[in-house]
Amino acid sequence: MANFKKQFLLYTPGITEKITFRDEEFEKLGSKLKAEVNSIFGRSLAIRELDSGSDNAAEIEMNNLATPYYDVERFGITFVASPRHADVLAITGAVTHNMEIAVRKTYAAMPSPKFVIAIGDDACNGGIFAGTYAVNGGADKIIPVDLKIPGNPPSPLEIIRALHGFMTVLSHRKTKHQS
Amino acid sequence: MKQVVDINRIFEENSAAARNRNCAVNYVSVPEDDFNDALANISGKNVVLISLFCVEDFNNHPGFSLLYVLEKRNYSNIVIVTRRLEQPSAGSVASLFPSACWFEREITDGFGVTFPDAFDKRRLFLYEVYPEGFHPLRKDFRNQPVVTRETIPVDSEYVFKKVTGEGVYQIPVGPVHAGIIEPGHFRFSVIGETIFNLEIRMFYKHRGIEKLAEGKTPQQAVCIAESISGDETAANAVAFCMAVENTGKIEIPKRALQLRTILLEIERIYSHLGDMAGMIIDVAFTKGASPFYVLREEILRMNNILTGSRFMKGIICPGGLTKDIPPKAIIELSKYLEDFTTRLKSATDSIYATSSVIDRLETTGVIKKELVNLLNITGPAARASGVAIDTRFDRSYGIYGDISAQFHKRIAEKGDVLDRFNVKAAEINDSVMLIHYLISRLDKGEICTGMEIKDGYSLSLVEAPRGQNLHWVNIKDGRIDRYKVRTASFCNWQAIEHAVLGNIVPDFPLINKSLNLSYAGTDL
C-alpha cells in the first residue's frame, strides 16, 4: 500500500498554501453574499466592468476584488469579458461624450434582466466633473442605474458591502414578486 | 546668411547655472520668419521636444502663443521657445520633431489653431460628436455642458490608416476591452498572426482636466491634478504643487519634502508591482502573478494607514502637506518593508525559473533606442532601451538632489518586455531602500508653509512611475489661468505603435502591460 502511494504521489491533488491574511469582515460579508448570489442569481453573478471616464483608481479596486486578498470568485462573482454574459454592468466615470456611444451599446448588448451599478463619485453624479463640457455627469444620465456606490474610489470592502445591500433589496423584491 | 536665434547656444550658456535645479527654464522668443530655421538647426541633435502647448493671452500677447518645451540630453536647463501667433495658424514641426504630431493635433482641438502643412490633421481629443468650431480651451468658452451632434456627417468621420494587399486584414479592438481596463481603440493590420501596422485611438476618457482647473485657486485644483490618473496621484499632486510653489518661490519644510518623497517612492513600488503582475497574468501564469498582487494590496493598505487613502489622495497641498504622518504609521511602514525585498525576490525568482514565461517576455515588444528621442519616450520604457534618463537625477527636485548618491539609474539594453520587467523589479528595490534611508533621517517640525499665491507661470517635472510628467501653471489674480499637463503615458502610447510591429497579436496585451500606460493620464 505504501509503495502504491509512493508510486502515485505525483497524482494526488496538490495542497495550496493556507492563506492567513484575510479580513474577518470581508469573509463574513462574502459568505452572506455567496448565499444571496446562490438564491437570486442561480449561483453565479456575472459582472461586466465598463470605464466611461474614470481616473482608473476604481478599475484598480475592481481588479483587486479578483486578487488573492479578496478573490470574490469564491462567492460566485465573476468578471466577464462580454456584456452578453453579464447580469450586472459596473460602470465607473462620469460618461464622457467620447464614450457615450460605447456605453449605450454596451448596455444594449446585455441580456435582460440586467442591472447597472455606478461605482465611484464620478459615475454616481459626475463628481468634480459635473457640469463641465466633456462629460454627461453621471451614469444615470445615459442608462438606468440601480445602485450607486460613492467613493473616490470606493474600497474593495465598500464595494462588497454595497453589493450585499443590493442583494438584500433584490431578494425582498423577489419575495414580493412571488407572493 | 541670415542670423537666427541659436537655441543650442542657450543650452550651452545656461546649463551650468541650472545644475541641481528641477526646472531652470530659459524662455526665448523666436520671430515667426526665423522659426523653422531655428528649430531645424537643433533637430536630431539630442534635443527633444518634451511638450508643445498653446496659451491664450500670455505675457501681454492677447492672441495665441505656442510654447515649445525643449530638453537637451545631459544639459541641466530647459528651453521654452515661445512663438507668438498673429493668426490662429502656424507651420508644423512634426517632420522635425515627430513628438509634435499629437501635440499639434491637441492644440488644434483645444484652441482652433491649425497647422496647414501637418501630415496628420485629424481630431485628437474632441471626437466627432463635438460640433465643428468648438474649442474648449479658448478663453471665450465658459466651461459648461455642450450640445453634442446627434448625427455625424460622413466627412467628419475618423479615418484610420488602411493597409491593403494580399492576406492583410484588420482587427479592430475596443474601446471596451475584455478585461477590467480603461477604454481605447486599437486597429491592427495583420498578416497571418503578425502585426504589420497598429494605429491607436485614445482620448475616449477626455474629461476636460485642463479647462476644469481654470479659474480655480491652486488649493482647489490639487484634487484635479490628483484625478489625472488615479495611480499617479502623488506624482501629479507633487508636480502641480511644485509648479505653484516655483511661481511663488516658496521654500517647503524639510520634513514635508521627505514625506512627499516617501509617498512618491511608495507610488512607484505599487505601480511597478501592478505592471509586473499584469505582465505575468497576460502570459496566463496566474500563480506567478499572485505574489505581486498580494504585495501591491499590502502597499495600498499601507497607503491608507499613512494618508487615510489607498491612493494617497488629499495629503499633498501647495506649501507641503495637509496633514502630518503620525510616527506610529511611519514605524509600521518601516517594519512592513523589512522583509519586502526578500518577498519580492522570491516572487521574481519564481518567474525567472519558469522558462515558458521567459520565452514569452524575451525579445517581445522591442522599443528601439533610436525612437526614444524622436517620440520623447520616457521612464522605465526609455531606460530599458538603454537611454539613461531619470528626472530624479537629471532634474532633481525635492530632496532627490541630496539622496541621489544612494541609488543609480536602472538601465537595460535590449528594450524588450523582459528588460522592462527587470528594470521595474530593480527600481522597486531602490525605492524600498530609499524609503528606509529617508525614514532613518526623517526631520521633525513643520509640514506646511503658509503660502501666499503669487501670479506668474512655472514649469515642473517629476519622475512618476511611468516616466516624466510635465506640469505648467500660469496664475493670474491668484487663480489658475492655464494648466498644462503632459504625462509620461501621453508620450509612451506612441511608442507602442512601433513596439508591436512584427510581433504576434496575442503578445499585444503583454507589450501593453509592460509599458503600463495610463489611459486617463493621456486623455485628460
Side-chain angles (χ1 to χ4, degrees), chain A residues 16 19 21 23 47-71 79-83 90 92-103 105-106 109 120-122 126-137 141 152-153 155-156, chain B residues 125-127 129-130 134 136 141-146 148 174-183 203-209 211-212 223-224 226-233 270 274 277-278 289-294 296-298 300-301 304 309-311 313-314 518-521 523-524:
Chain A
T16 37
I19 293 177
F21 48 54
D23 325 288
I47 300 179
R48 170 66 240 190
E49 202 270 351
L50 175 64
D51 176 354
S52 78
S54 74
D55 72 355
N56 81 22
E59 274 62 45
I60 293 176
E61 295 295 40
M62 294 289 284
N63 260 321
N64 278 338
L65 283 171
T67 60
Y69 261 92
Y70 304 101
D71 191 17
F79 293 102
V80 291
S82 167
T92 65
V95 191
T96 64
H97 291 312
N98 293 351
M99 266 307 279
E100 189 183 323
I101 298 168
V103 169
K105 283 185 179 175
T106 304
D121 293 341
D122 296 354
I128 58 171
F129 301 102
T132 64
Y133 76 88
V135 300
N136 287 287
K141 297 277 165 62
N152 181 24
S155 68
Chain B
F125 68 80
L126 293 182
Y127 275 26
V129 290
Y130 286 99
F134 171 68
F141 171 72
R142 226 187 86 235
N143 202 357
Q144 59 189 2
V146 292
T148 51
V176 180
H177 301 288
I180 304 177
I181 16 170
E182 304 174 71
F203 305 95
Y204 281 94
K205 300 179 75 169
H206 176 69
R207 293 148 288 156
I209 293 271
K211 185 75 178 183
L212 184 62
C223 69
I224 298 172
E226 286 180 341
S227 54
I228 290 168
S229 186
D231 51 0
E232 261 175 38
T233 302
Y270 87 73
S290 292
F292 296 101
Y293 277 131
V294 168
R296 183 178 71 164
E297 173 63 21
E298 287 166 1
L300 291 177
R301 289 175 183 209
N304 197 30
S309 156
R310 284 165 59 90
F311 293 89
K313 294 184 184 217
S518 165
Y519 300 64
D523 302 355
L524 299 180

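Here is how names work: the chains are called A, B, and so on, in the same order as the sequence lines, proteins then strands, and each is numbered from 1.
In terms of heavy-atom pairs under 4.5 Å with chain B, the best-connected choice from A:Glu100, A:Lys105, A:Glu61, A:Met62 is A:Glu61. Among A:Thr132, A:Thr92, A:Asp122, the residue with the largest count of heavy-atom pairs under 4.5 Å with chain B is A:Thr132. Listed options B:Tyr293, B:Phe311, B:Phe141 were ranked by heavy-atom pairs under 4.5 angstrom with chain A; first place goes to B:Phe311.
For A:Phe79, the part lying near chain B is the side chain, with the backbone staying farther off; criterion is any non-hydrogen pair under 4.5 Å. Within the 4.5 angstrom heavy-atom criterion, only side-chain atoms of B:Pro175, from C-beta onward, approach chain A. Residue contact with chain B, scored on non-hydrogen atoms closer than 4.5 Å, is absent for A:Val103. Looking at B:Ile181, only its backbone comes within 4.5 Å of chain A, counting heavy atoms on both sides. Within the 4.5 angstrom heavy-atom criterion, only side-chain atoms of B:Arg310, from C-beta onward, approach chain A. Looking at B:Arg142, neither its backbone nor its side chain comes within 4.5 Å of chain A, counting heavy atoms on both sides. Both the backbone and the side chain of A:Ile128 have a heavy atom closer than 4.5 Å to some heavy atom of chain B. Proximity to chain A is absent for every atom of B:Glu232, based on heavy atoms less than 4.5 angstrom apart. With a threshold of 4.5 angstrom between heavy atoms, B:Thr148 approaches chain A through side-chain atoms but not through N, CA, C or O. Looking at B:Val146, both its backbone and its side chain come within 4.5 Å of chain A, counting heavy atoms on both sides.
Side-chain atoms of A:Asp55 do not come within 3.5 Å of backbone N or O of B:Ala520 as any donor-acceptor pair. A distance-only check finds no donor-acceptor pair linking the side chain of A:Asn56 to the backbone of B:Ser229 [under 3.5 Å]. Judged purely by atom type and a 3.5 angstrom limit, A:Thr96 uses its side chain to pair as donor or acceptor with the backbone of B:Tyr204. A donor-acceptor contact shorter than 3.5 Å is absent between the side chain of B:Arg207 and the backbone of A:Val95.
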Output, in order, the C-alpha distance, side-chain angles, deciding distance and verdict of side chain to side chain contact (heavy atoms under 4.5 Å, CB included) for B:Val176 and A:Arg48.
CA-CA 10 Å; B:Val176 180; A:Arg48 170 66 240 190; 3.7 Å; yes
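The distance from atom OH of A:Tyr133 to atom NE2 of B:His206, rounded to the nearest 0.5 Å, is 2.5 Å. Interatomic distance, CD of B:Glu182 versus CD of A:Glu49, reported as 9.5 Å (0.5 Å rounding).
For the pair A:Met99 and B:Tyr127, the minimum side-chain heavy-atom distance is 4.5 Å or more. A 4.5 Å side-chain heavy-atom check between B:Ile180 and A:Leu65 finds every atom pair outside the cut-off.
When all heavy atoms of B:Lys313 and A:Ala57 are compared, the pair lying nearest together is NZ-CB, 4.5 Å. What you find for A:Asn98 and B:Phe203 is that their closest heavy atoms are ND2-O, 2.6 Å.
Taking the six-membered ring where the residue is Trp, B:Tyr130 and A:His97 present perpendicular rings, their angle passing 60° and hence far from 30°.
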